[in-house]
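Here the structure is laid out as C-alpha cells; the discussion comes afterwards.
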Amino acid sequence: MGHDGDKTEQPTGGDDRGASENGLVGPADETVDAVDVVDVDEPRVQRQQAVGELIEEAIVAVARTHAGTHSREIVRDALRRELEARGRWPQPETWLDAVATELEAGSVYTMGTETPGVSAGAASPSP
C-alpha cells in the first residue's frame with residue numbers, strides 16, 4: 001500500500017499460516033483417521049465423577065444436621081469428619097472455609113454433581 005513502486009504481495013484473504021508444502025491448509029495425514037480422545041479418558045472421568053459424588057454426599061450430610069444452626073468451626077469439623085469417613089480428606093483449606101461459610105449461613109454449597117438418592121431440595125435447610 002502506498003507507492004507505485006511497491007511490489008510487496010499482500011494476502012488476499014484468510015490466513016496463510018500453517019499452509020502445507022502444496023499450499024493447502026487442512027488436517028495433517030496422521031490426523032485424518034484419528035480416534036476421538038474423549039473415549040480414551042472415560043475411566044478417569046468416571047473416577048472424578050465418583051469422587052465428586054462422595055464429596056457432595058459429605059456436604060449434604062453436614063447440611064442436613066448443621067446448616068444455619070452451628071458456627072463455622074463446628075461445621076468445618078463436621079465436614080472434615082464426613083470427608084474422612086468417605087476417604088476424601090484432606091481438602092484445600094480455602095475450599096473447606098468456603099463450604100463451611102456457606103453452610104454456616106444456611107446455604108448449601110453444591111458442586112454440580114448428582115448425588116444418588118439426594119434431591120436438590122433435600123439438602124436445603126427448612127425455613
Side-chain angles (χ1 to χ4, degrees):
M1 303 188 161
H3 306 291
D4 294 332
D6 283 346
K7 299 214 180 211
T8 306
E9 290 185 29
Q10 298 293 325
T12 57
D15 189 349
D16 65 348
R17 289 179 288 169
S20 64
E21 291 177 7
N22 63 8
L24 300 175
V25 177
D29 292 338
E30 64 272 10
T31 61
V32 172
D33 295 319
V35 175
D36 187 5
V37 293
V38 174
D39 293 338
V40 176
D41 284 344
E42 192 167 324
R44 182 180 58 83
V45 170
Q46 289 173 342
R47 280 191 309 274
Q48 288 176 333
Q49 287 174 335
V51 166
E53 288 173 0
L54 287 172
I55 292 171
E56 186 104 17
E57 287 174 7
I59 295 169
V60 168
V62 173
R64 286 185 177 143
T65 58
H66 290 73
T69 60
H70 293 83
S71 72
R72 185 169 47 142
E73 286 305 313
I74 292 173
V75 172
R76 278 177 52 100
D77 289 343
L79 189 55
R80 181 187 47 77
R81 285 191 306 275
E82 289 292 336
L83 289 165
E84 283 177 343
R86 290 167 174 78
R88 303 312 331 151
W89 187 258
Q91 294 294 323
E93 288 296 317
T94 53
W95 176 84
L96 188 63
D97 282 338
V99 176
T101 299
E102 291 289 321
L103 291 171
E104 177 190 27
S107 301
V108 178
Y109 182 98
T110 59
M111 297 175 43
T113 61
E114 292 182 25
T115 305
V118 176
S119 67
S124 301
S126 11

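- By the rule that hydrophobic residues join a cluster once side-chain heavy atoms approach within less than 4.5 Å of another member, W89 and L54 end up as members of separate clusters.
- Note that CD of E102 and CD of E104 are 10.5 Å apart. Values are rounded to the nearest 0.5 Å.
- The CZ atom of R64 lies 12.5 Å from the CG atom of L103; values are rounded to the nearest 0.5 Å.
- Under the side chain to side chain contact (heavy atoms under 4.5 Å, CB included) criterion, S71 pairs with E73, I74, sequence neighbours left out.
- Qualifying salt bridge (charged side-chain N to carboxylate O under 4.0 Å, His left out) partners for D97, counting only residues two or more places apart in sequence or in other chains: R76.
- Closest heavy-atom contact between V62 and V75: CG1-CG1, 4.0 Å.
- Evaluation of the salt bridge (charged side-chain N to carboxylate O under 4.0 Å, His left out) rule for E82 yields R86 as partners, not counting sequence neighbours.
- Every residue two or more places apart in sequence or in another chain that forms a side-chain hydrogen bond (donor to acceptor under 3.5 Å, both in side chains) with Q46 is listed here: E42.
- Heavy atoms only, all atoms of each residue included: T69 and T65 are closest at OG1-O, 3.8 Å.
- Remark: T101 OG1 to L96 CG distance equals 9.0 Å, nearest 0.5 Å.
- Across all non-hydrogen atoms, the minimal contact from A58 to L83 is CB-CD2, 3.7 Å.
- Sorted by first and then second residue, the ring-ring contact (aromatic ring centres under 6.0 Å, His included) pairs with a member in residues 53-88 read H66-H70; sequence neighbours excluded.
- Residues forming a side chain to side chain contact (heavy atoms under 4.5 Å, CB included) with P92 (at least two apart in sequence, or on another chain): T94, W95.
- Scanning for salt bridge (charged side-chain N to carboxylate O under 4.0 Å, His left out) contacts around R80 gives E84, with sequence neighbours left out.
- Within the 4.5 Å cutoff, the side chain of V99 has no heavy atoms near those of the Q91 side chain.
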